[in-house]
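Here is the structure we will look at.
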Amino acid sequence: MVKRQQLIERYPIPWTEEQVAAFRDTLLAWYDQTGRDLPWRQDQDPYKIWVSEIMLQQTQVATVIPYYYRFIEELPDVAALAQADEDTLLGLWQGLGYYSRVKNMKVAAQQIETDFAGEFPQAYQDLLTLKGIGPYTAGAIASIAFNQAEPAMDGNLIRIVSRLFEIEEDVTLTATQHKIRAYLYQLIDPERPGDFNQALMDMGAMVMTPHQDRPDPHPLKDFDQSYQHQTSHLYPVKKAKLKASKHTYLAYVIQNAAGQFLMRRHTDQELLSGLWHFPLVEQDMVMETVSRGELIDPLWRDFGQDLQALGIKNEALKLLHNRNQYQQTDFNHYGQVKHVFSHRIWQCQLVPLILSPAEEMTDSVNWPEDFIWIDASKLDQIPISTLQKKLLQARLPFDPK
DNA sequence: AAAACGGGGCG
DNA sequence: CGCCCAGTTTT
């Protein structure tokens, strides 16, 4: 945990004191006039703040309100929650989702009884020790219930600050969140920290929304760099996460009569280039049952040329057990391997084949350099990828070790 | 620091 | 149905 003073020194806010004061006044004036009047804003009972914050983590305000009333009526304080039985809790939570969180709340209530003598802890660091309370909820309770100048940094506050200052760094990075937290430390109104946080939450939910396509004038526009430049829609900057695309592969485990495996070195154009693998062929759909042809054809389509150059005839490739139809369950028996790259996910289905000795080889004229037959005992002498190691670990009808 | 978790809501 | 969300927990 980086200390507050360290962060402020590392990231001084690029505003004058007058600007900061004007920002607070503008924000709180808007909140006093326009902010939402919500049930848990009636008083500063930390228990009620806590219950509402946990509920709001997962559901919209309108949905939470009836649940909130019911919960508080049934379990009005920490002591009641600490003693509540599981069925009561689940009943009160039914329909909200994330049921483990209400279980965490009961654990936290018991922590309050045992670790804090039943007195709701006030210090941010103490709040963090409670099950289910992380940085956001600890900040919300410390500021709203106990008037401490702690930011409640949720998605709303991150979005607003990133727009105000046009923060170009990826907000998913820890360093960027530190910078935003540092700015919030300097912005938060020490006189009304709870209202300050709730004002920003309301602003984020009602005005400076995520999909703010048309940058309307808004109450904070004079403080909003992204409004001045009409760039609000560009913030917050998030890592262009190439959503990992999913791909299915058949991994052919081909063994000859001598017990050697056929392996292929990936070319420069491929992923994992230079490393040796069982021949892999992408498959765009997985079928319930496949005929021999449906299983062998993809291999032949991609590598038939090479296999012929190796002296392998199509007919010499036999499915294990020599069956014509393969059920999906047969596949499961041979195992699958999942491999995750940063940008793609490969699901590999092992396909064990044997090369029929009787019609095994013809003479090879020009041996393709990218293919070898290799003894299982020598697999550790060639460079292979983690994926290939996983394939070797997968359940096979024969033991490659 | 990154991944796992989690179940309702959404396209 | 599969993906996404937004925080906490776990590794």
Side-chain angles (χ1 to χ4, degrees), chain A residues 1-2 7 40 49-68 71 86 89-112 121 124-144 150-162 169-181 184 197-198 200-205 208-212 235-248 284-286 338-345 347 386 390:
Chain A
M1 170 60 68
V2 189
L7 283 183
W40 44 90
I49 307 297
W50 176 37
V51 171
S52 71
E53 288 300 338
I54 298 296
M55 286 183 171
L56 287 165
Q57 276 173 20
Q58 61 222 22
T59 316
Q60 295 180 337
V61 169
T63 311
V64 160
I65 289 174
Y67 281 90
Y68 171 80
F71 197 98
E86 190 107 326
L89 291 179
L90 291 178
L92 288 168
W93 212 260
Q94 194 156 62
L96 282 177
Y98 291 90
Y99 299 97
S100 65
R101 307 215 171 187
V102 73
K103 296 176 196 167
N104 286 344
M105 285 183 77
K106 172 170 173 166
V107 173
Q110 292 170 331
Q111 284 179 284
I112 293 174
Y124 177 80
Q125 293 298 337
D126 286 340
L127 290 165
L128 279 181
T129 67
L130 299 175
K131 191 86 170 164
I133 294 187
Y136 163 73
T137 311
I141 296 172
S143 65
I144 299 169
E150 292 289 345
M153 203 170 88
D154 71 348
N156 287 311
L157 272 68
I158 289 173
R159 181 173 64 256
I160 292 172
V161 171
S162 78
E169 298 94 331
D170 181 346
V171 296
T172 67
L173 299 177
T174 306
T176 311
Q177 301 218 353
H178 283 165
K179 178 172 173 177
I180 293 172
R181 177 167 283 271
L184 284 167
N197 281 328
Q198 295 184 93
L200 284 179
M201 292 180 209
D202 282 10
M203 187 68 73
M208 299 174 74
T209 55
H211 301 290
Q212 199 183 34
Y235 302 91
V237 174
K238 287 185 186 170
K239 181 169 46 189
K241 51 180 169 195
L242 342 153
K243 60 161 187 187
S245 52
K246 292 185 176 176
H247 304 263
T248 307
D284 46 15
M285 71 180 297
V286 179
K338 184 182 183 185
H339 191 69
V340 181
F341 299 90
S342 57
H343 58 311
R344 55 179 60 209
I345 299 171
Q347 186 74 37
T386 304
K390 288 186 205 166

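Every chain is numbered from 1, with letters handed out A, B, ... down the list of sequences.
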Atom-to-atom span, [atom1] of [X] to [atom2] of [N] - whole angstrom:
X: Leu96(A); N: dG8(B); atom1: CG; atom2: P; answer: 9 Å
X: Asn156(A); N: dC5(C); atom1: CG; atom2: P; answer: 14 Å
X: Leu173(A); N: dA3(B); atom1: CG; atom2: P; answer: 12 Å
X: Lys103(A); N: dG7(B); atom1: NZ; atom2: C1'; answer: 12 Å
X: Lys238(A); N: dG7(C); atom1: NZ; atom2: P; answer: 10 Å
X: Gln57(A); N: dG9(B); atom1: CD; atom2: C1'; answer: 17 Å
X: Asn104(A); N: dT10(C); atom1: CG; atom2: C1'; answer: 13 Å
X: Met105(A); N: dT8(C); atom1: CE; atom2: P; answer: 13 Å

If you compare every side-chain N and O of [X] against the phosphate oxygens of [N] (OP1, OP2), does one of them come in below 4.0 Å?
X: Lys131(A); N: dT10(C); answer: yes
X: Ser100(A); N: dT8(C); answer: no
X: Tyr98(A); N: dT8(C); answer: no

Report which part of the nucleic acid Thr137(A) touches: base, sugar-phosphate, or nothing (heavy-atom distance under 4.0 Å, all strands).
-> sugar-phosphate

Compute whether any side-chain donor of one residue and acceptor of the other, for Arg101(A) and Asn104(A), lie under 3.5 angstrom apart.
-> no

Residues that Glu86(A) engages under side-chain contact (heavy atoms from CB on, under 4.5 Å), provided they are two or more places apart | Leu90(A), Lys103(A)

Got a sec: does the CD of Gln94(A) have more than 12 other heavy atoms crowding it under 6.0 Å?
-> no

Nearest-nucleotide pick for Asp154(A), side chain only, options being dA1(B), dG8(B), dG7(C) = dG7(C)

Determine, stepwise, if the pair Val237(A) / Glu169(A) fulfils side-chain contact (heavy atoms from CB on, under 4.5 Å).
-> CA-CA 6 Å; Val237(A) 174; Glu169(A) 298 94 331; over 6 Å; no

